Number of protein chains: 2
Amino acid sequence: MALSLEEGEERISTFVTMARKSGLRITPQRLEIFREVAFATEHPDVEAVFASVRTRMPTVSLDTVYRTLWWLKDSGLVSLIGAGKGGTRFDPNTKAHHHFVCLRCGSIQDFYDSCLDSLEIPTQAELLGAVQGVNVEVRGECKLCLAKAALEGA
Amino acid sequence: MALSLEEGEERISTFVTMARKSGLRITPQRLEIFREVAFATEHPDVEAVFASVRTRMPTVSLDTVYRTLWWLKDSGLVSLIGAGKGGTRFDPNTKAHHHFVCLRCGSIQDFYDSCLDSLEIPTQAELLGAVQGVNVEVRGECKLCLAKAALEGA
DNA sequence: GTCACTGCAAATCTTTTGCAGTATG
DNA sequence: CATACTGCAAAAGATTTGCAGTGAC
């Protein structure tokens, strides 16, 4: 699955605008790293981005890739898959359920909703493989983080 | 949010049954580790399970926890949050979209569906914090893994 | 009694940090 | 020109592996 050139370029121009707005410097490394991610359709991990950027810019270091990616994430230009940070996490709940994921602290809370359980799977998704279940991930900021932010902002 | 005792015990008896069926030995460590995970409502990571089990069984080692958790995962008794294994992964797609997650290889593919984008957020979820978006995670086995399995099974 | 399972310790892989030099705005 | 950014190297953290002893079946 290839990304259209226009869509990639659109992502890059958003990137430059955002960077300017945040007063952050646009360096060749950052541009190259972002270009890599912006055109990616495979949801790469850090190592993959690094390897790929390295073919075109052999001097970039792995930690620059890390720093750039976290910065992109903080700016909202890319998002993390799942809860993001931290080690592997487990879910002992084998019943149908759904998650509220906090984008700030990474906490995950279960919630139940029978309508969501019986969500109709779009044909688009059916085509990608053998579907076994659905989990709806509601993303936002949890109560605790909201309270903390309110305190700090006061 | 506490888990009802019955539900936890139910999970444990499922565990014992499953273990017997797979011909795997039920050791005190495994039972303790599974008990920990079965009653957890916080989607713990390995370190958290380890720390908690250790308070009741000070001799367990971290690697036993790892081994047991992977085994539980392979048996389908617990599932991994997100794609599971591997490092942090990024998603450069800032448009509303959804994921097909392969439970076998961990690959993630995007798909689009405007009905899902405008999914109504259940009150249950609204109560947990400030909602910013929804991502539907369709879980199953991807085309590639299905093909591989077919080859090996032949 | 057999053989899978455990604990330990060391190896490996992933991510972060401190510092001195470099280059962007 | 100031100072944020980079690369390097080393530290910190997470996960895996090899091996000898132990215990579940």
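Within every chain, numbering begins at 1; the chains are lettered A, B, ... in the order of the sequence lines, protein sequences first and strands thereafter. It should be emphasised that the depicted structure is a prediction, and the values quoted were computed from it without experimental measurement.
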Next on the checklist: Which residues pass the side-chain contact (heavy atoms from CB on, under 4.5 Å) test with T94(B), not counting sequence neighbours?
Outcome noted: none
Checklist entry - Do S61(B) and T64(B) meet the criterion of a side-chain donor-acceptor pair at a distance under 3.5 Å? => result yes
Next on the checklist: Rounded to whole Å, please give me the gap between CG in D63(B) and C1' in dC5(C).
Outcome noted: 11 Å
Next on the checklist: Using whole Å, what does the distance between atom C1' of nucleotide dG25(C) and atom NZ of K21(A) come to?
Outcome noted: 19 Å
Item to check | S52(A) side chain vs V49(A) backbone, donor-acceptor pair below 3.5 Å | outcome: no
Checklist entry - Counting any heavy atom closer than 4.0 Å, what does W71(A) reach on the DNA or RNA strands: base, sugar-phosphate only, or nothing? => result nothing
Checklist outcome for this item: With the side chain defined as heavy atoms from C-beta on, Q29(B) is closest, among dT6(C), dT15(C), dT15(D), to dT6(C)
Next on the checklist: If the cut-off is 4.0 Å, is Y66(A) near the phosphate of dT15(C), judged by side-chain N/O to OP1 or OP2?
Outcome noted: yes
Item to check | D74(A) CG to dC5(D) P, straight-line distance once rounded to whole Å | outcome: 13 Å
Item to check | N/O donor-acceptor pair under 3.5 Å between R54(A) side chain and V60(A) backbone | outcome: yes
Next on the checklist: Does anything in residues 60-77 of chain A form a salt bridge (Lys or Arg N to Asp or Glu O under 4.0 Å)? List the pairs, not counting sequence neighbours.
Outcome noted: D63(A)-R67(A)
Checklist entry - Does the ring centre of W70(B) sit less than 6.0 Å away from the ring centre of F90(A)? => result yes
Checklist outcome for this item: Atom CD of E32(A) and atom C1' of dT24(C) are separated, to the nearest Å, by 17 Å
Next on the checklist: Less than 3.5 Å apart, any donor N or O on the side chain of N93(B) or H43(A) sitting next to an acceptor on the other?
Outcome noted: no
Item to check | Aromatic contact, F34(B) with F15(B) (centres under 6.0 Å) | outcome: yes
Checklist entry - Is R11(B) salt-bridged to E9(B), going by a charged N under 4.0 Å from an acidic O? => result no
Next on the checklist: Report for the helix from dG1(C)-dC25(D) to dG25(C)-dC1(D): angle between first-end and last-end helix axes, five pairs each, rounded to 10 degrees.
Outcome noted: 50°
Checklist entry - CZ of R89(A) versus C1' of dT15(D): gap in Å, rounded? => result 17 Å
Item to check | d(CD1, I33(A); P, dC5(D)) in whole Å | outcome: 13 Å
Checklist entry - Within the structure, does a side-chain N or O atom of S61(A) lie under 4.0 Å from either OP1 or OP2 of dT6(D)? => result no
Checklist entry - Is the shortest distance from a Lys or Arg side-chain nitrogen in R30(A) or E32(A) to a carboxylate oxygen in the other one below 4.0 Å? => result no
Checklist entry - Looking at residues at least two apart in the chain, or sitting in another chain, which of them share a salt bridge (charged side-chain N to carboxylate O under 4.0 Å, His left out) with R25(A)? => result none
Checklist entry - Tell me: NZ of K73(B) to P of dT16(D), nearest whole Å? => result 11 Å
Checklist entry - Tell me, for nucleotides 19-25 of chain D in 5' to 3' order, what letter each nucleotide earns: B for a base near a protein heavy atom under 4.0 Å, S for only sugar-phosphate near one, - for neither? => result ----BBS
Checklist entry - In whole angstroms, how far is the C1' atom of dT17(D) from the CG atom of L62(B)? => result 13 Å
Checklist entry - Which one of D91(A), D113(A), N135(A) satisfies the side-chain hydrogen bond (donor to acceptor under 3.5 Å, both in side chains) criterion with H97(A)? => result D91(A)
Checklist entry - Looking at T88(A), does any N or O in its side chain come under 4.0 Å of the phosphate oxygens OP1/OP2 on dT15(D)? => result yes
Next on the checklist: Check the phosphate of dT16(D) against W70(B), side-chain N and O only, distance under 4.0 Å to OP1 or OP2. Yes or no?
Outcome noted: yes
Checklist outcome for this item: Expected list for residues 43-59 of chain A near DNA chain D, using heavy atoms below 4.0 Å, is T59(A)
